[in-house]
Amino acid sequence: MSSHHLSGLTAWLVQRLSAVYMALFVVAMTAVVVSHPGYDYASWRALFAQPLVAVTTSIFFISLLLHIWVGIRDIILDYVGGSPSMRLLLLSLLGVWLIAMGIWIVRIMLRVMLI
Amino acid sequence: MGKKLKKNRPRFLTLWQIKLPVMGVVSILHRISGLFVFLVMPLLLYLLELSLRSPAGYQQVTALMTSWPFRVGGWLLLALFAHHLFAGIRVLLIDMEWGSALASARRSAWLVMVAVVVVLVAGTLL
């Protein structure tokens, strides 16, 4: 095993730090949305275009992707025990999938911020 | 040697005969709810993208969200997400050795279940 996979203590820590950030973000975002009833397209979009919201939302998505990597990796390692090549295949697919999600998210966020 | 040990490990996977304690139920649901949220993520991203793309897209998303299939699905997703959140908070507290004794671990596991129900009721009222 190469040493700088997201594993062991690092993975454990990443899982928890991302969890705390996401929990705080979700609570704050829910409070913002609920306390401001009557959204329409313009105000919904303006919300995400605010620098503070754009940055915290981007950090949320980065946390989410890291959190998913560690969580689904754990599931794969726990249940696909027998075959190392199968494990490698599934972990690679997960990696590719998460990178694709990341690119998609960047596109969404850039469009909100720039256009 | 290692191989032999592995082979002799007992396996008992008759799921309907396994009686999990409530902590075990919370734990496996934590895993299942996480997997489920991962699986619906593309749909949620698509809805976010659509809602931010154009006024028509925004209309489409709000119309979809008030439709019955989406309300039921959203309710289920809320339950799974709430469970994942509360079970996660419980794990963090236990990591800090807060409530890791058997009695309090059992109590907090029940508390997670109750909190999910409370969120669901609140979600229905909103």
Side-chain angles (χ1 to χ4, degrees), chain A residues 12-13 15-27 29-30 33-34 37-49 54 57 60-61 64-65 67-76 78-79 81-82 94 97-98 100-113 115, chain B residues 3 6-7 9 11 13 27-63 65-66 77-78 80-96 115 119 122-123 125-126:
Chain A
W12 182 89
L13 196 61
Q15 195 70 332
R16 276 145 184 85
L17 290 178
S18 60
V20 170
Y21 180 83
M22 287 191 293
L24 295 175
F25 176 84
V26 166
V27 170
M29 204 60 174
T30 307
V33 172
V34 170
Y39 269 100
D40 59 4
Y41 173 70
S43 54
W44 176 243
R45 206 189 148 115
L47 172 69
F48 283 95
T57 305
F60 166 80
F61 278 125
L64 181 62
L65 292 174
H67 195 85
I68 290 175
W69 168 256
V70 177
I72 303 297
R73 186 202 64 139
D74 282 351
I75 292 182
I76 292 172
D78 277 355
Y79 299 125
L94 176 63
W97 176 257
L98 291 181
M101 290 281 124
I103 293 171
W104 189 9
I105 291 163
V106 168
R107 245 186 52 156
I108 296 173
M109 294 309 295
L110 280 182
R111 196 184 292 187
V112 171
M113 286 187 272
I115 303 174
Chain B
K3 234 179 183 170
K6 225 177 191 174
K7 258 187 190 160
R9 269 166 61 184
R11 265 196 182 188
L13 284 175
S27 178
I28 191 66
L29 282 178
H30 192 192
R31 190 160 262 202
I32 293 170
S33 58
L35 181 65
F36 195 85
V37 175
F38 162 67
L39 291 176
V40 292
M41 192 185 154
L43 176 64
L44 298 180
L45 268 186
Y46 175 72
L47 290 177
L48 178 67
E49 184 181 43
L50 191 59
S51 74
L52 289 168
R53 189 186 288 159
S54 64
Y58 185 86
Q59 288 291 321
Q60 252 178 296
V61 173
T62 48
M65 299 244 279
T66 47
L77 190 63
L78 180 66
L80 289 166
F81 177 74
H83 187 279
H84 198 78
L85 177 64
F86 294 136
I89 292 171
R90 178 175 175 271
V91 168
L92 286 177
L93 293 177
I94 288 176
D95 278 351
M96 297 188 288
V119 165
L125 296 179
L126 272 176

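Values reported hereafter were calculated over all heavy atoms of this structure, with side chains retained and with hydrogens, waters and symmetry mates removed. By convention in this document, chain letters (A, B, ...) are assigned in the order of the sequence lines, proteins followed by strands, and residues within each chain are numbered from 1.
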Chemist: Taking the side chain as everything from C-beta on, heavy atoms only, tell me whether A:Leu98 gets closer than 4.5 Å to B:Met41.
Modeler: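 SC-SC contact between A:Leu98 and B:Met41 ruled out.
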Chemist: So does B:Met65 have more than 12 non-hydrogen atoms from other groups sitting under 6.0 Å from CE?
Modeler: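 Atom CE in B:Met65 is not packed in, count stays at 12 or less.
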Chemist: Check the angle between the aromatic planes of B:Phe38 and A:Trp97 and answer parallel, tilted or perpendicular using the 30° and 60° thresholds.
Modeler: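 Aromatic pair B:Phe38/A:Trp97 classed perpendicular.
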Chemist: If you round to the nearest 0.5 Å, how far is CE of A:Met101 from CG of B:Leu45?
Modeler: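 These two atoms lie 6.0 Å from each other.
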Chemist: Mind checking which of residues 28-37 of chain B sit less than 4.5 Å from chain A, heavy atom to heavy atom?
Modeler: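 Near chain A, by residue number: B:Ile28, B:Arg31, B:Leu35.
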Chemist: Specify which of B:Gly57, B:Gly88, B:Pro42 makes the most heavy-atom pairs with chain A at under 4.5 Å.
Modeler: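 If we count pairs closer than 4.5 Å to chain A, B:Pro42 comes out on top.
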Chemist: Please classify the contact of A:Arg45 with chain B as side chain, backbone, both or neither, using a heavy-atom distance under 4.5 Å.
Modeler: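 Backbone plus side chain of A:Arg45, per the 4.5 Å heavy-atom cut-off to chain B.
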Chemist: Atom CG in B:Leu48, atom CH2 in A:Trp104: separation rounded to 0.5 Å?
Modeler: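 CH2 of A:Trp104 is found 9.0 Å from CG of B:Leu48.
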Chemist: Should A:Met22 and B:Leu85 count as side-chain neighbours, where that means a heavy-atom distance under 4.5 Å?
Modeler: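 Result no, sub-4.5 Å side-chain heavy-atom pair not found.
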Chemist: What part of B:Val61 is in contact with chain A, defined as an atom under 4.5 angstrom from a non-hydrogen atom: side chain, backbone, both or neither?
Modeler: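 B:Val61 has no heavy atom closer than 4.5 Å to chain A.
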Chemist: Answer with side chain, backbone, both or neither: which region of A:Leu94 has an atom nearer than 4.5 Å to a non-hydrogen atom of chain B?
Modeler: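 Side chain only.
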Chemist: What distance separates A:Phe48 CZ from B:Ser51 OG, expressed to the nearest 0.5 Å?
Modeler: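 The OG atom of B:Ser51 is 7.0 Å from CZ of A:Phe48, to the nearest 0.5 Å.
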Chemist: Checking B:Leu52 against chain A: side chain, backbone, both or neither under 4.5 Å from a heavy atom?
Modeler: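 Contact with chain A is through both the backbone and side chain of B:Leu52.
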Chemist: Would you please name every residue forming a salt bridge (charged side-chain N to carboxylate O under 4.0 Å, His left out) with B:Arg90, sequence neighbours left out?
Modeler: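 None.
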Chemist: Distance check, rounded to the nearest 0.5 Å: B:Thr62 atom OG1 versus A:Asp40 atom CG?
Modeler: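 Between atom OG1 of B:Thr62 and atom CG of A:Asp40 there are 10.5 Å.
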Chemist: Relative to chain B, which segment of A:Tyr39 carries a heavy atom at a distance below 4.5 Å: side chain, backbone, both, or neither?
Modeler: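 Both the backbone and the side chain of A:Tyr39 come within 4.5 Å of chain B.
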Chemist: Supply the atom-to-atom distance B:His84 NE2 to A:His67 NE2, rounded to the nearest 0.5 angstrom.
Modeler: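 Between B:His84 NE2 and A:His67 NE2, I get 4.0 Å after rounding to 0.5 Å.
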Chemist: Is chain A contacted by the side chain of B:Phe86, its backbone, both, or neither, given a heavy-atom distance below 4.5 Å?
Modeler: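 When you check distances to chain A, no heavy atom of B:Phe86 falls under 4.5 Å.
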